[in-house]
Q: 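Please find one structure pasted underneath; my questions will follow.
All of these numbers come straight from a predicted model, not from anything done at the bench.
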Amino acid sequence: MIDMVSAIEELSGLTTKELSEMLKESDSFVLQSKAEDGGPKQVDMEKFVSSLPLHLLAVCLELGQGSDLAYVLRGVRFLHSLSELASRHTRLEQVLLDDVRLSEQVMDLIFFLLSILAQRKKENNVGASPLVHASLVAASLHLLTSYFSSQWHELVHILLAHPKVDIFMDVAFDSLHEDVRLLSFRLSSMSFGSIPIGSLECRLAHFICQQCEASLQFLLLLCQQKLFRDRILKNKELSRNGGILSLSHTILKLVVPYCLKGSTDIVASISRLKAKILSILLQLCEAESVSYLDEVATSPNSMRLGQTLALEVLNLLKTAFGRKQQNTSDSHDKSYPMGSVLISALRLVDVFSDDSNFRSSFMTNTVPFLTQILAIPHDEFVLSWCSVNLPVIEEDANLDYDPFGAAEVALLASDNALTEARASYSCPFRPSLPSMAYAQTRTSCVVKIIANLHVFVPNICEEQERDLFLHNFQKYLVSGSPRLSADQPASNDFKAAKVCKNLGSLSDYAKTLIPNLLNEEDVQLLSEFSDKLQSWCKSQAGQAALQVVHTDSPSESKEDMKLVQQSLPTQASTLDPNMNNLPKDVQNMEVSIPVSSIKPEGNAKDETPKNCVARNGSFLQNAVGQDLVHLGVARTASAGFSTVSSGVSTGHQRSKMDLDPASSSVDHFKTPELSKENGLQEDEKGESSMYDERQPKRRKRTIMNDEQIDELEKALVDEPEMHKNAILLQNWSEKLSVQAKQSES
């Protein structure tokens, strides 16, 4: 009778080299060792190996506290060692691998062990349990390639042939999810203290990161196999009930504590975790057999989770592109690859924005990060988005997982014998060669996102969706780019001109990506969007720059407007020559109010500018739901009100969205504080939204009273096309101005 416990305790600690030498020296496959009392002890390896899987299964059935889990980890580690040695020892191979019954027991052990590890328990987060748990999940998954097949397509066939493969899928993702929760809890707890980089606590956090990454990498490689991916799409728990979405959201919410920002290994590991889960989502979304996003949309709960995840992906991009985009070659330590986070996120946004289930919410929520991309200086934009030679590109890598070394660290921690020196375990990397088309792929994603959101298909899209993305973009440029300081000229802060110029360059460059990365329709839609935005920019940009101007003298505002004029592209058609006088005093402007249009140099026909009517921070809606007439009344210091009126046509749904800011999912975003170029120090306000109607500090002022608004609404019923009639608009402008003066007097 073999003492299984003592045999596992003794033999599992041997390296494969030591175990191999003992097998070579053994007689009749019997290992000689010393018992605890110093006497000789024999272990019949054939009986021991044949009994090992069933013994571990029995232990799993009676699992209690962490010590039992550590014992199972020793047994799984020993199975890894035996599997590695089997190819060098014929007798061991015959016993371990050729016995069908034993193979079934190993598979059952893996499935059952993962089902236990998938359960959320309080004791999982006690002492060394997180390390043992994370190490055991990774070791169990990798036992599949170690014991059955290292060829992924062969392993997939083996798994799919098992009657409980769906259970395996559920518990594999759930057990990893529990590891990520444990990691998140540990990182959060480290935020409240000052943890020295390189300390034992820091190394243990990095260890759990690596175990999570090893498990996630294993699942990613499985998902890259079409048959396995298709089976996941049919799995109700993972697809329809949002199992993978929930895991993805937890990973994307991982935050490195401030005290560990200098720990490049932890920062890189968490970044690669995000890159890998985004890659899994991409694999599922791009599958051709079943629409993953359609499966998600079948359940209200999973749909809400999908919307939340989509916002998290956009927030990731917004945060990334909100930083200074001019990268340098030494911006990060190349010995710690960060993973392809941004390119994967951009590709995922491309997929989501092209899906009917998510397109409507992306109409608004993509605008902030797209603006951050497009509003950088032109030379920098061309270098970053219209070139194949990027200064720095994302580098991906796969871990070479070592189950023996990982288990050793976890077991030492379980025995309270772990030191800083022995905790410095780190998996080696296998760098992935970056794609030669990385830069072009990144640019093509931006083009396709804009095309997806701007396209209008008459028989499919509702009429109110026509140019809705364009209007949202315009609104964000106006509300998100006003001058915030008197110390800087308005032209430095106003982004519309830069966005339009960069869009033009992007449109030209996009043509070179046909047909490999883009089709002609994508480029045509981008060009159309760019042309419409430029046309609006030329008529609106100069006025929008004065929305929140605080000047010391009237001359400053005029000087600022000259600078804005110079930054705008030339335009064949000029604005109304009768509307070329700026207000004399704009010191008290606090709302989004239009001012007199600028008259560009040159002779051309008149063109009515587009402006807006504000009513308590909202927009006036036409009674017939066809158009919004944007009419502004600017307060001056010398004489009551002077008015400038005009119109713009948009859809009924857009009006409702503007009237009800709470209905817009853009509120889910937290935009980083405005940069120094907008006149604010980054540490003054924390995170605030550049486009957030919940923060009306400089916009909340009613510029028309209720009587004026009611009168204008009645007029719109009779004249729904008022915005196209410049004379009628001017008459109404003057009429409202007279009423304003009378009301003041």
Q: Is a donor from one side chain sitting under 3.5 angstrom from an acceptor on the other, for H249 and T308?
A: no
Q: Please determine whether the number of non-hydrogen atoms from other residues, nucleotides or ligands lying under 6.0 Å from atom CD of Q524 exceeds 12.
A: no
Q: Checking R442 side chain against S384 main chain: does a donor-acceptor pair fall under 3.5 Å?
A: yes
Q: Would you sort out whether L533 and L477 count as a side-chain contact (heavy atoms from CB on, under 4.5 Å), showing the intermediate values?
A: CA-CA 10 Å; L533 192 65; L477 287 177; 4.2 Å; yes
Q: Between L176 and L141, is a side-chain contact (heavy atoms from CB on, under 4.5 Å) present by the stated rule, with each step listed?
A: CA-CA 10 Å; L176 171 58; L141 288 172; 5.9 Å; no
Q: What I want to check is whether the side chains of N241 and N301 have a donor and an acceptor closer together than 3.5 Å.
A: no
Q: Could you tell me the separation between the OG1 atom of T250 and the CD1 atom of I277, rounded to the nearest 0.5 Å?
A: 9.5 Å
Q: Is there a side-chain contact (heavy atoms from CB on, under 4.5 Å) between S299 and M303? Walk through the geometry before answering.
A: CA-CA 6 Å; S299 166; M303 184 63 186; over 6 Å; no
Q: Hey, what's the ring geometry for F321 with W385, parallel, tilted or perpendicular (30° and 60° as the breaks)?
A: tilted
Q: Please list, chain by chain and in numerical order, all residues satisfying ring-ring contact (aromatic ring centres under 6.0 Å, His included) with H153, sequence neighbours excluded.
A: none
Q: Could you tell me which residues satisfy side chain to side chain contact (heavy atoms under 4.5 Å, CB included) with N398, sequence neighbours excluded, listed by chain and number?
A: Q217, K276, R430, S432
Q: Using the salt bridge (Lys or Arg N to Asp or Glu O under 4.0 Å) rule, take K234 and D166 through it: C-alpha gap first, then chi angles, then the decisive distance, then the call.
A: CA-CA 9 Å; K234 297 176 183 178; D166 288 310; over 6 Å; no
Q: Roughly how far apart are R272 CZ and S340 OG, rounded to 0.5 Å?
A: 11.5 Å
Q: Working note: W152 + Q224, criterion side-chain contact (heavy atoms from CB on, under 4.5 Å); need CA distance, chi angles, decisive distance, verdict.
A: CA-CA 9 Å; W152 292 98; Q224 289 175 352; over 6 Å; no
Q: Rounded to the nearest 0.5 Å, how far apart are CG of N235 and CD1 of I244?
A: 7.5 Å
Q: Set out, in order, the CA-CA distance, both residues' side-chain angles and the distance that settles ring pair (Phe, Tyr, Trp, His ring centres under 6.0 Å) for F469 and F529, then state yes or no.
A: CA-CA 9 Å; F469 177 61; F529 178 83; 5.3 Å; yes
